[in-house]
Amino acid sequence: MRPGHQTLVLAAMLFTVSMTFIDQTIVAIAAPDIISELNLTASGMQWVVNAYLLALAAFFAFGGRLADLLGPRRVALGGTIVFVVASALCGAVPKGSGALAWLITCRAIQGFGAALLFPAALAVVVAVFPVERRGRALALFFGISGALTAIGPILGGWLTTWTWRAIFWVNVPVAVIAVTLTLMAKLRDRPRHEAMDWRGAALVALGMGGAVLGLQQSTTWGWGGWKTWVCIVGGLAVLAVFCRVELATRHPLIKLRVFRDRAFAVDNGVLFFAMMAFVPLFFFASVYGQVCLSMSPSEAGSYLFIFFAGFAIASQLGGRILDRNGARPAMLLGTALGAVGFALWAGRLTDLSLSRQWWFVVMAGAGIGFLLAPASTDAVNRAIDASYGEVTGITQTVRNFSAAIGLAVFGTVLSHVTTDRIISSFQARGIPPSVSHSVAHQISQSISGRGNASAPTGNGPAATFARGAMATVRNDFAQGNQAVFYGMAAALAVAFLVALWHPGTRVTQEEPAVVPGTMPPAATGVDGPSN
């Protein structure tokens, strides 16, 4: 395929996935306006957010397999249409008693559309670029699409000055451009004449959905709540059944034998631990910027752009390292640099000064940038029978599940450490323990976005002190975030240890070319250690 045509395909797929990345962060900015106009509760709004993420987790594997059976171009177009129609309906939600059900349903459909289009779009990019140029192409794909996540708060802040409904309607013109470019590319799919594994699709949707739901609701139900563990343990049990069923199915949803390839297993292990830091970062850094650095939501988005300055540059270098030397050197460099960057960043959080952090923010971003595209690309290069859609579905499921774990675990750490620090600050000023515990919990829940954002009321000593001690509270919250960021550094350190197990082999050649304009088959040649 000509380079100009490849560029058109890459642009088309970037527009296609851009909506899903922006939607991960844009809705949180408009949440107060949505709650106010539609008269929703904070817990109801949480379900509006969770419905999208649950559908993503449940249907990524299905979307990837469907892309293989029907062709990735067709599924990418179909997923885009589903996503944009649901977006328009989210923006058109009527006021009244049915508003919450309408919004949750449409957000779930949005998530389903995203689960179809993302693995399909990634499979298209993988398929049209030869293996020797694939690393650079996917580095650009992940670099640009990742940076779009930081645009969410900025774009959301600007659009909500007009109406919060615009955060959903903005997807319509983007989708029109994506569909137009995809049709202009004139790609031809090569459908597979295999049966869809509906039983496997149902099991993985139920298992992933249940486990992720338990993790998402752990902050509401509590880690000691029975509903939390019924969902998590039940979901994992269903996933275990799914694995047994897949091994006995002729045309499974996921060919689990791909995990026998040590490099593929390591790639996914690195992605799992690295994404525990990368995806939750958008929430924690944004809230830290607003609470501790007194930034507006839009300014907090700019704070994340410092991270992406390192990410964007390193992602391009990581893609070149992959093309020349394989994934192992890039993953080792990225995980090591990321672990050090996050640890040094954590050490500066309590300074409450951006000027003392920015260099370490860039380091952390560069670490993620070096590893993301190489790990993802090396994994899809090892697809069995050119099942690019299936493998991208696997990697995205791993990333989504890891993100859910990171948000749940680090959210709990943030809440507990912040609460403990505020209690200590209260008691140091003579506030009785019984009073300080209650008020500290309320403040912690409020500033971390997990409760109603209201300051303590009344004329008691605790309420009076809390309203006049924002400097102390900001420092206590910074210490909570410090614990979280040290945890992110630890996750990347584990990813480094996992990367050491990569055999260093890489896919270097493809099967003979097929008819021009169609999707080429999987790469097959594997060379020896590249380090």
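Hydrogens, waters and symmetry mates are skipped; everything else that's a heavy atom, side chains included, is used.
The number of heavy atoms from other shown groups lying within 6.0 Å of CH2 (Trp223) is above 12. Other residues, nucleotides and ligands contribute more than 12 heavy atoms inside 6.0 Å of the CZ atom of Phe264. Counting heavy atoms of neighbouring residues, nucleotides and ligands inside a 6.0 Å radius, atom CZ of Arg199 does not exceed 12 of them. Enclosure of atom CE in Met184 is not indicated, since only 12 or fewer non-hydrogen atoms of other residues, nucleotides or ligands lie within 6.0 angstrom.
Between the OG1 atom of Thr163 and the CG atom of Asp33 there is a distance of 8.0 Å, given to the nearest 0.5 Å. Rounded to the nearest 0.5 Å, atoms CD (Gln217) and NZ (Lys227) are 8.0 Å apart. Atom CZ of Phe62 and atom CZ of Phe112 lie 5.0 Å apart (nearest 0.5 Å). The OG1 atom of Thr80 sits 7.0 Å away from atom CE of Met13, with the distance rounded to the nearest 0.5 Å. In this structure, the separation between CG on Leu54 and CD on Gln216 is 4.0 Å, given to the nearest 0.5 Å. To the nearest 0.5 angstrom, Asn50 atom CG is 9.0 Å from Ile104 atom CD1.
The aromatic rings of Phe284 and Phe410 sit perpendicular to each other, their planes meeting at more than 60°, with 30° as the lower class boundary.
Residues Asp267 and Arg382 have side chains in contact (heavy-atom distance under 4.5 Å, counting atoms from C-beta outward). Side-chain contact between Trp47 and Leu100: absent, with no pair of heavy atoms (C-beta onward) separated by less than 4.5 Å. At least one side-chain heavy atom of Leu372 sits under 4.5 Å from a side-chain heavy atom of Leu271. Using a 4.5 Å heavy-atom threshold, the side chains of Asp197 and Arg65 count as separate. Between Phe496 and Phe273, every side-chain heavy-atom pair lies at or beyond the 4.5 Å cut-off. Residues Met276 and Leu492 have side chains not in contact (no heavy-atom distance under 4.5 Å, counting atoms from C-beta outward). A heavy-atom distance below 4.5 Å is not found between the side chains of Thr16 and Phe118. Within the 4.5 Å cutoff, no side-chain heavy atoms of His502 are placed close to those of Val270.
Nearest approach of Leu371 to Met331, heavy atoms of both residues: CB-CA, 4.2 Å. Residues Leu116 and Gly63 share a closest heavy-atom pair of CD2-CA, 3.8 Å. The shortest heavy-atom contact between Ala123 and Thr392 is N-CG2, 4.2 Å. Minimum heavy-atom separation, Trp169 to Gly91: CZ2-O, 3.2 Å. Val391 approaches Val380 most closely through the heavy-atom pair CG1-CA, 3.5 Å. The nearest pair of heavy atoms linking Pro280 to Ala403 is CG-O, 4.0 Å.
Side-chain atoms of His5 come within 3.5 Å of backbone N or O of Ala185 as a donor-acceptor pair. No donor-acceptor pair under 3.5 Å is formed between the side chain of Ser415 and the backbone N or O of Thr412. Between the side chain of Ser387 and the backbone N or O of Ala383 there is no donor-acceptor pair closer than 3.5 Å. Judged purely by atom type and a 3.5 angstrom limit, Ser218 uses its side chain to pair as donor or acceptor with the backbone of Leu215. Between the side chain of Arg399 and the main chain of Met275, no donor-acceptor pair closer than 3.5 Å is present. With hydrogens and angles disregarded, no donor-acceptor distance shorter than 3.5 Å links the side chain of Glu194 to the backbone of Leu69. Here the side chain of Trp221 pairs no donor or acceptor atom with the backbone of Trp226 at under 3.5 angstrom. No donor-acceptor distance shorter than 3.5 angstrom exists from the side chain of Ser376 to the backbone of Ala373, with no hydrogens or angles considered. Between the side chain of Ser18 and the backbone N or O of Phe15 there is at least one donor-acceptor pair closer than 3.5 Å. Using modelled atom types, one side-chain atom of Thr228 and one backbone atom of Gly222 make a donor-acceptor pair closer than 3.5 Å.
Geometrically, Arg107 engages Tyr52 in a cation-pi contact defined by less than 6.0 Å to the ring centre and at most 45° from the axis.
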* To do: Evaluate the side chain to side chain contact (heavy atoms under 4.5 Å, CB included) criterion for residues Asn39 and Lys95: first the C-alpha distance (whole Å), next the side-chain angles of each, then the deciding distance (0.1 Å), finally the verdict.
  => CA-CA 8 Å; Asn39 196 28; Lys95 299 178 183 179; over 6 Å; no
* To do: Mind running side chain to side chain contact (heavy atoms under 4.5 Å, CB included) on Arg328 and Val266 for me, showing each step along the way?
  => CA-CA 10 Å; Arg328 189 174 189 267; Val266 169; over 6 Å; no
* To do: Assess whether side chain to side chain contact (heavy atoms under 4.5 Å, CB included) is satisfied between Arg257 and Leu247, documenting all intermediate values.
  => CA-CA 8 Å; Arg257 69 181 187 275; Leu247 291 172; over 6 Å; no
* Under the side chain to side chain contact (heavy atoms under 4.5 Å, CB included) rule, what do Val179 and Leu77 come out as? Steps first, then yes or no, please. => CA-CA 7 Å; Val179 170; Leu77 286 171; 4.1 Å; yes
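Phe311 has its ring centre less than 6.0 Å from the ring centre of Phe308. In summary, the aromatic rings of Phe129 and Phe141 are positioned with their centroids too far apart to meet the 6.0 Å limit.
Residues satisfying the side-chain contact (heavy atoms from CB on, under 4.5 Å) test with Ala205, not counting sequence neighbours, are Ala58, Phe59.
Remark: of the listed residues Asn381, Asp378, Asp323, Asn381 is the sole one forming a side-chain hydrogen bond (donor to acceptor under 3.5 Å, both in side chains) with Arg134.
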